[in-house]
**Q** 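The following block contains the structure, expressed as C-alpha cells.
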Amino acid sequence: MIKKLNRNFYNQPTLKVAKELLGKYLVVKMNGEILSGKIVETEAYIGYKDPASHAYRGMTPRNSVMFGDPGYTYVYFTYGMHHCLNLVTEKKRYPAAVLIRALEPTSGIESMKKRRKRKDLKDLSSGPAKLCQALGVDLKLNGADLCSDIIYVEDRGETIEKIGSSSRIGITEEKKRKWRFFIRNNEYASR
DNA sequence: TGAATGATCACG
DNA sequence: GTGATCATTCAT
C-alpha cells in the first residue's frame with residue numbers, strides 16, 4: 001500500500017525522520033511529468049547548537065523556512081551553481097531539517113538524463129546537487145509544501161535491512177556527530 | 001587536487 | 001559596500 005507521508009511524520013525527532021526516509025520515494029511533478037527516486041542517503045541538521053547547520057547563527061532570510069512548520073522544503077543555492085534539497089522537521093521555531101543526499105532513480109529517467117547530461121544511472125542523482133539538477137529542483141521550490149501534489153514523499157511499504165551511518169560529508173571539523181545515514185550496499189549513494 | 005562561480009552573511 | 005565562505009561537482 002502506497003501512502004503519502006503527512007505532516008505528522010515530519011513533526012518527529014530529526015534523526016528518526018532521517019533514518020525512516022531511507023527506502024521512501026521522493027516524487028516531484030515537473031511540467032506534468034512525474035519524476036521520482038528512492039531515497040538512499042540522508043543527513044540530519046538539528047537545532048541551534050549544531051555548528052554545521054545553516055541555522056547555527058540564528059534565523060536569516062535564507063534559512064527562515066527551517067524555523068517554520070515541519071513538512072516543507074528548504075532549498076538553497078551554493079557554490080555559485082548548485083542547489084540542495086532539505087525536508088524541514090520538528091515543531092515550529094525549532095530549526096531542523098533532513099538533507100536528501102542521494103536517490104535511486106525510478107521514474108522520469110529520460111528527463112533526468114537530459115537535465116544531467118549524463119546517461120549512467122549512477123551519475124543521475126548520487127549527490128545532493130546532482131539530484132536537484134536531475135529533478136529540476138531550484139529556489140522556486142524553496143518553502144514548498146510536502147503535503148501538496150507538487151513535491152512529496154511516498155511510503156511504498158518497503159523495509160530497509162541495513163542502515164549505515166557516518167559523519168556528515170563536506171563538513172569541516174565536525175566529526176563527532178554520526179548524522180549521515182544511508183542504505184548499505186546501495187549502488188546509488190554518494191562517494 | 002583544484003577550478004568553477006555567485007548568493008549569502010557578518011562586519012562596520 | 002566588501003571579503004570570506006560555501007551541507008558540491010567535475011575534469012585534471
Side-chain angles (χ1 to χ4, degrees), chain A residues 10 13-22 26 28 37 39-68 70 72-90 94-105 111-144 146 151 153 163-183 186-191:
Chain A
Y10 300 102
T14 303
L15 292 178
K16 178 171 190 245
V17 174
K19 283 181 270 197
E20 292 196 359
L21 279 172
L22 296 174
L26 177 67
V28 178
I39 298 171
V40 302
E41 182 179 344
T42 60
E43 278 178 3
Y45 291 86
I46 310 174
Y48 325 92
K49 299 178 298 299
D50 176 3
S53 172
H54 287 173
Y56 183 55
R57 290 180 173 78
M59 190 162 79
T60 66
R62 178 176 67 163
N63 66 21
S64 63
V65 49
M66 285 185 75
F67 291 78
Y72 290 84
T73 63
Y74 167 44
V75 180
Y76 66 89
F77 182 70
T78 189
Y79 291 105
M81 58 187 93
H82 297 304
H83 296 276
C84 292
L85 170 67
N86 297 254
L87 312 185
V88 175
T89 59
E90 310 211 35
Y94 187 76
V98 174
L99 172 69
I100 308 299
R101 281 197 59 89
L103 300 176
E104 177 179 331
S111 168
M112 295 187 199
K113 287 179 179 173
K114 195 177 295 179
R115 257 191 294 274
R116 286 279 302 139
K117 300 183 170 63
R118 294 280 188 291
K119 52 184 184 183
D120 185 342
L121 241 53
K122 292 192 287 299
D123 280 339
L124 291 185
S125 51
S126 54
K130 293 182 191 177
L131 69 91
C132 283
Q133 187 180 25
L135 300 179
V137 169
D138 60 18
L139 286 178
K140 290 194 297 297
L141 269 176
N142 185 36
L146 291 165
I151 180 168
V153 179
I163 293 180
S165 69
S166 77
S167 50
R168 292 170 292 182
I169 292 180
I171 307 295
T172 51
E173 175 171 12
E174 220 290 324
K175 294 281 182 283
K176 298 187 293 289
R177 299 174 173 86
K178 300 283 190 273
W179 287 357
R180 170 178 177 247
F181 304 99
F182 53 94
I183 299 178
N186 186 287
E187 293 277 292
Y188 297 87
S190 71
R191 316 269 177 115

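Every chain is numbered from 1 and lettered A, B, ... according to where its sequence line falls, protein lines coming before strand lines. Computation of the quantities below employed the complete heavy-atom set of this structure, encompassing side-chain atoms and omitting hydrogens, waters and symmetry-equivalent molecules. Note that the structure is a prediction, hence the values are computed from the model and not measured.
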**Q** Side chain of A/Met81: nearest nucleotide among B/dA10, C/dT9, B/dA4?
**A** B/dA4
**Q** May I ask you to evaluate whether A/His82 reaches the phosphate of C/dC6, defined as a side-chain N or O under 4.0 Å from OP1 or OP2?
**A** no
**Q** How many angstroms lie between atom CD1 of A/Ile46 and atom OH of A/Tyr94, to the nearest 0.5 angstrom?
**A** 6.5 Å
**Q** Measure from the side chain of A/Thr60, starting at C-beta and using heavy atoms only, and say which of B/dC9, C/dA7, B/dA7 lies closest.
**A** B/dC9
**Q** Grab the CG-C1' distance between A/Asn63 and C/dC6 for me, whole Å please.
**A** 14 Å
**Q** Counting the atoms with a prime plus P, OP1 and OP2 as sugar-phosphate, which does A/Arg168 contact under 4.0 Å by heavy atoms, base, sugar-phosphate, or nothing?
**A** nothing
**Q** What is the distance, to the nearest angstrom, from the CD1 atom on A/Ile171 to the P atom on C/dT8?
**A** 7 Å
**Q** Between A/His54 and A/Tyr74, how do the two ring planes meet: parallel, tilted or perpendicular, split at 30° and 60°?
**A** perpendicular
**Q** Are any of A/Thr78's side-chain N or O atoms less than 4.0 Å away from OP1 or OP2 of C/dT8?
**A** no
**Q** Considering all heavy atoms of both residues, which atom of A/Leu135 and which atom of A/Leu26 are nearest to each other, and what is their separation?
**A** CD1-CD2, 3.6 Å
**Q** For the pair made of NE2 in A/His54 and P in B/dA10, what is the distance, rounded to whole Å?
**A** 12 Å
**Q** Do the ring planes of A/Phe67 and A/Tyr48 sit parallel (below 30°), tilted (30 to 60°) or perpendicular (above 60°)?
**A** tilted
**Q** Kindly point out which of B/dA7, C/dA11, C/dT8 is positioned nearest to the side chain of A/Arg118?
**A** C/dA11
**Q** Can you check the A/Asp123 CG to C/dT9 P distance for me, whole Å?
**A** 11 Å
**Q** Output the rounded distance in Å from CG (A/Leu87) to P (C/dA7).
**A** 18 Å
**Q** Please determine, for the side chain of A/Pro128, which listed nucleotide (B/dG6, C/dT8, B/dC9) has the closest atom?
**A** C/dT8
**Q** Determine whether the side chains of A/Arg116 and A/Gln133 contain a donor N or O and an acceptor N or O closer than 3.5 Å.
**A** yes
**Q** Of the nucleotides C/dT9, B/dA7, C/dT8, which has the atom closest to the A/Lys130 side chain?
**A** C/dT9
**Q** Check whether the aromatic ring of A/Tyr45 stacks on the base of C/dA7, taking stacking as ring centres less than 5.5 Å apart and planes within 30° of each other.
**A** yes
**Q** What nucleic acid atoms does A/Ala129 come within less than 4.0 Å of, heavy atoms only: base, sugar-phosphate, or nothing?
**A** sugar-phosphate
**Q** Which whole-number value in Å describes the distance from A/His83 NE2 to C/dC6 C1'?
**A** 14 Å
**Q** I need the single residue from A/Lys19, A/Arg177, A/Arg101, A/Arg168 that forms a salt bridge (Lys or Arg N to Asp or Glu O under 4.0 Å) with A/Glu43. Which is it?
**A** A/Arg101
**Q** Verify the contact: side-chain N or O of A/Arg116 to OP1 or OP2 of C/dC10, cut-off strictly under 4.0 Å; return yes or no.
**A** yes
**Q** Rounded to whole Å, please give me the gap between CZ in A/Arg57 and P in C/dC6.
**A** 9 Å
**Q** Answer yes or no for this row: A/Tyr79 ring on C/dC6 base, centroids under 5.5 Å, planes under 30°.
**A** yes
**Q** Whole angstroms only, please: what is the CZ-P distance between A/Arg62 and C/dT5?
**A** 15 Å
**Q** Could you summarise the pairing of DNA chain C as dot-bracket text, marking Watson-Crick and G-U pairs under 3.5 Å with ( ) or [ ] inside the strand and | across strands?
**A** ||||||.||||.
**Q** Determine: side-chain N/O of A/Arg191 to OP1/OP2 of C/dT8, distance under 4.0 Å, yes or no.
**A** no
**Q** What's the separation between atom CE in A/Met112 and atom CG in A/Asp123, rounded to the nearest 0.5 Å?
**A** 13.5 Å
**Q** Within the 4.5 Å heavy-atom criterion, are A/Pro95 and A/Asn63 side-chain neighbours or not?
**A** no
**Q** Quick one: is C/dC10 close enough that its OP1 or OP2 comes under 4.0 Å of any side-chain N or O from A/Lys117?
**A** no
